2 protein chains.
Amino acid sequence: MATIYEVAALAGVSPATVSRVLNGAAVSPEKVRLVREAAEQLQFTPNRTARRLRNQSSELIALLIPDVENPFFTALARGVEDKAQAAGFSVVLCNTDDDPAKETRYLDIANSEDMAGVILAPASEDGDIRHVTDRGRPVVAVDRNTGLTIDSVMVDNRAAGVAATTALFDAGYERVACIAGPLGLEWTEERSLGWRQVVSKRGAGETIDRYLQHANYRVDGGRAAMAALLALDSPPDAVVTTNNLMGVGALQALSEAGITPPDFGVAVVGDLPFSTLHPDAITQVHLPARHLGTTAATMLLERIAGDDQPARTVVLRADVTRGAARPAR
Amino acid sequence: MATIYEVAALAGVSPATVSRVLNGAAVSPEKVRLVREAAEQLQFTPNRTARRLRNQSSELIALLIPDVENPFFTALARGVEDKAQAAGFSVVLCNTDDDPAKETRYLDIANSEDMAGVILAPASEDGDIRHVTDRGRPVVAVDRNTGLTIDSVMVDNRAAGVAATTALFDAGYERVACIAGPLGLEWTEERSLGWRQVVSKRGAGETIDRYLQHANYRVDGGRAAMAALLALDSPPDAVVTTNNLMGVGALQALSEAGITPPDFGVAVVGDLPFSTLHPDAITQVHLPARHLGTTAATMLLERIAGDDQPARTVVLRADVTRGAARPAR
DNA sequence: AGACCGCAAGAAATCGGTTTCGTCAAGTTA
DNA sequence: TAACTTGACGAAACCGATTTCTTGCGGTCT
């Protein structure tokens, strides 16, 4: 690994001059040429560690997400990456597993690695985000809220729940259930509130609470909840799931019971990844995952560039592709 | 951000002593206590950049994969992460998009960031991996081969192709087609060779070449290829796809044509992510993605620890879950 | 012609740790 | 008691960039 000193020696100048050439400060054309040639010849790449120690900042952005295996978050990551790349930043992807301890660990790393900024889908509301913001490092929250007043990019979850549920009623279903995530997570509560709001107007009454299932927000949870719904005395004829994975689980359970949409209405808040179903059998409320990422990255880059206006919150809306109408009996 | 100097001043010792306490060198119990207290009081976290500059290495592992949105690679990433975490290393996930230029860029970054090592699913055989290995930084290739003799963890692709095809014949299908990736990629060629090997023994003869479709290895490619197969004069009654995404595409095309497995046999080399189908309708050759990751990470960590035995190649085998038999006509 | 300004470029300080080297004191051996 | 070993620990070098400080040269203004 050639150093700036070796380049300087070969070019017959001082290290300072080499640095100036590299960073575009004033140097005579003659020496610029000498330095360029020497750098070329030695295949010189500046050592980022040394540079960072001096500059106290790097071109690294940390992206903390709960689960790399969830397509929603990978799409978001792609969005972040695209914007970051274009601005000359690299993205470090970190898995928090929704574990506040892991999250804290990564935030500490972001600090001691002198990262330029952090984009965070927070595991909990009371994470140690302060560790980072206190040091003046910009942080943007994405998809979920923090307790702090920092830049954030959210989805209108209530509206998403409303849209999913409305689509099912419009398609002719009458007993619309909901598979929601665990209590205490804002995003899923908001979406199921959207469902409740529509059902209380257009639904069959009475049954609301029996038709609301809480599950862990993964595939197996959705599957179990769907099975439970089907086992009810008067089962629903349609279901809304508050995220993509539970949607997959619900469809699996239906498939195992020999039922295929649109015989049973299904609306998913989120995209069904790699679905092999006929695409318009199902209502999908497409969460703008990638857009969430690009927006967050843009905001973060602005902060890194020195923008210090008050914290902003951007709320994006989901758009819906409606599934088929309920077939006549 | 407190520095080691401030801690030293507060504790009334030299920075060297603080460093020794932190790194477990011999220091008198009394001073250890003083330093510990000072560090605690100042919330001292060592600056990783400075440490790295001195040590010329970090606890960072770069993982270069072609596509974070492909579940195969995210599962692999999880495997790497689990092992790395346990050993106190952090993983930096990088998307190469199968673009040799991006790959080179990230390899350069791995170098100039003084990363401890690299796990690489190579975009091409002639990438600039030398940049890294030449500097003595350990590199493990995973899933795909490089031209170089370095540690690598592979899948027995031929056997996977054979297993998928055999399962279909065993299930009673007679005209088994293959949807393969583009020519020139070893993994897909090997898998389709496995298919060819079985078909030439058990197949209907003649038609082999017409039943082999090449597509880009993504969902849309698989879908188009399946559509093309269905449009043949004497269409196949089953298909093998050489990866997961093309499998999804093929199933979509079938679904659009109103055909559902097992009426048409489908075997996928790879796992169908988030499948909503009845699970045993389809043959899946489960590639050990996560295991690939843990194995690669283990090998890399050994190298980082100083192991310098000759390059090893580990070949993992896939296991099969067989789909349903072909229904009688 | 002498004072002044501007610019290129080298010397040296700096970032914050780790590590070598040297010193000094306490303990050991002859 | 003198010579020697051992261990704790401070001073200073070091990692490789960037940046400030300083110097010296050439040109301009009066």
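Proteins come first, then strands; the chains are lettered A, B, ... in the order of their sequence lines, and each starts at number 1. The shown structure was predicted, so the numbers you read here are calculated from the model rather than taken from an experiment.
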What's touching nucleotides 16-19 of chain C from the protein side, N or O pairs under 3.5 Å?
unit_1: dG16(C); atom_1: N2; unit_2: A50(B); atom_2: O; d: 3.2
unit_1: dG17(C); atom_1: OP2; unit_2: I4(B); atom_2: N; d: 2.6
unit_1: dG17(C); atom_1: O5'; unit_2: N47(B); atom_2: N; d: 3.4
unit_1: dG17(C); atom_1: N7; unit_2: Y5(B); atom_2: OH; d: 3.0
unit_1: dG17(C); atom_1: O6; unit_2: Y5(B); atom_2: OH; d: 3.3
unit_1: dT18(C); atom_1: OP1; unit_2: N23(B); atom_2: ND2; d: 3.4
unit_1: dT18(C); atom_1: OP1; unit_2: R51(B); atom_2: NE; d: 2.9
unit_1: dT18(C); atom_1: OP1; unit_2: R51(B); atom_2: NH2; d: 3.1
unit_1: dT18(C); atom_1: OP2; unit_2: S19(B); atom_2: OG; d: 2.8
unit_1: dT18(C); atom_1: OP2; unit_2: N23(B); atom_2: ND2; d: 3.4
unit_1: dT18(C); atom_1: O3'; unit_2: N55(B); atom_2: OD1; d: 3.4
unit_1: dT18(C); atom_1: O2; unit_2: R54(B); atom_2: NH1; d: 2.8
unit_1: dT19(C); atom_1: O4'; unit_2: R54(B); atom_2: NH2; d: 3.2

Legend entry - Residue pairs, two or more places apart or on separate chains, that pass side chain to side chain donor-acceptor pair (under 3.5 Å) and touch residues 290-300 of chain A: D82(A)-R290(A)
Legend entry - salt bridge (Lys or Arg N to Asp or Glu O under 4.0 Å) partners for D98(A), two or more places apart: R144(A)
Legend entry - Length of the line joining E6(B):CD and dC15(C):P, which is rounded to integer Å: 11 Å
Legend entry - A25(B): side-chain contact (heavy atoms from CB on, under 4.5 Å) partners, not counting sequence neighbours: R20(B)
Inset, instruction - Go through the structure and list residues passing side-chain contact (heavy atoms from CB on, under 4.5 Å) with L34(B), not counting sequence neighbours. - result: A11(B), E30(B)
Inset, instruction - Grab the stems for DNA chain C, please: at least three consecutive Watson-Crick or wobble pairs, both distances below 3.5 Å, written as range with range. - result: C:1-30 with D:1-30
Only distances under 3.5 Å count here; give the side-chain donor-acceptor pairs of residues 68-77 of chain B to other protein atoms, sequence neighbours excluded, each with its distance to 0.1 Å.
unit_1: N70(B); atom_1: OD1; unit_2: F72(B); atom_2: N; d: 2.9
unit_1: N70(B); atom_1: OD1; unit_2: N244(B); atom_2: ND2; d: 3.0
unit_1: T74(B); atom_1: OG1; unit_2: P71(B); atom_2: O; d: 3.0

Inset, instruction - List in chain and number order the residues that pass side-chain contact (heavy atoms from CB on, under 4.5 Å) with R303(A), two or more places apart in sequence or in another chain; answer none if no residue qualifies. - result: P138(A), D151(A), D307(A), Q309(A), R312(A)
Inset, instruction - Taking salt bridge (Lys or Arg N to Asp or Glu O under 4.0 Å) as the test, write out the residues that go with K102(B), two or more places apart. - result: D97(B)
Inset, instruction - State which residues pass salt bridge (Lys or Arg N to Asp or Glu O under 4.0 Å) with E59(B); sequence neighbours excluded, sorted by chain then number. - result: none
Inset, instruction - Determine, step by step, whether R78(B) and D67(A) satisfy the salt bridge (charged side-chain N to carboxylate O under 4.0 Å, His left out) criterion, reporting the C-alpha distance in whole Å, the side-chain angles of both residues, the deciding distance to 0.1 Å, and the verdict. - result: CA-CA 9 Å; R78(B) 275 315 269 267; D67(A) 181 11; 3.4 Å; yes
Inset, instruction - With a 4.0 angstrom cut-off to heavy atoms of chain B, pull out the first and last contacting nucleotide of DNA chain D, in 5'-to-3' order. - result: dA8(D) to dG16(D)
Inset, instruction - Under the side-chain contact (heavy atoms from CB on, under 4.5 Å) rule, collect the residues that match up with T49(B), sequence neighbours excluded. - result: T49(A), R52(A), L53(A), D114(A), N47(B)
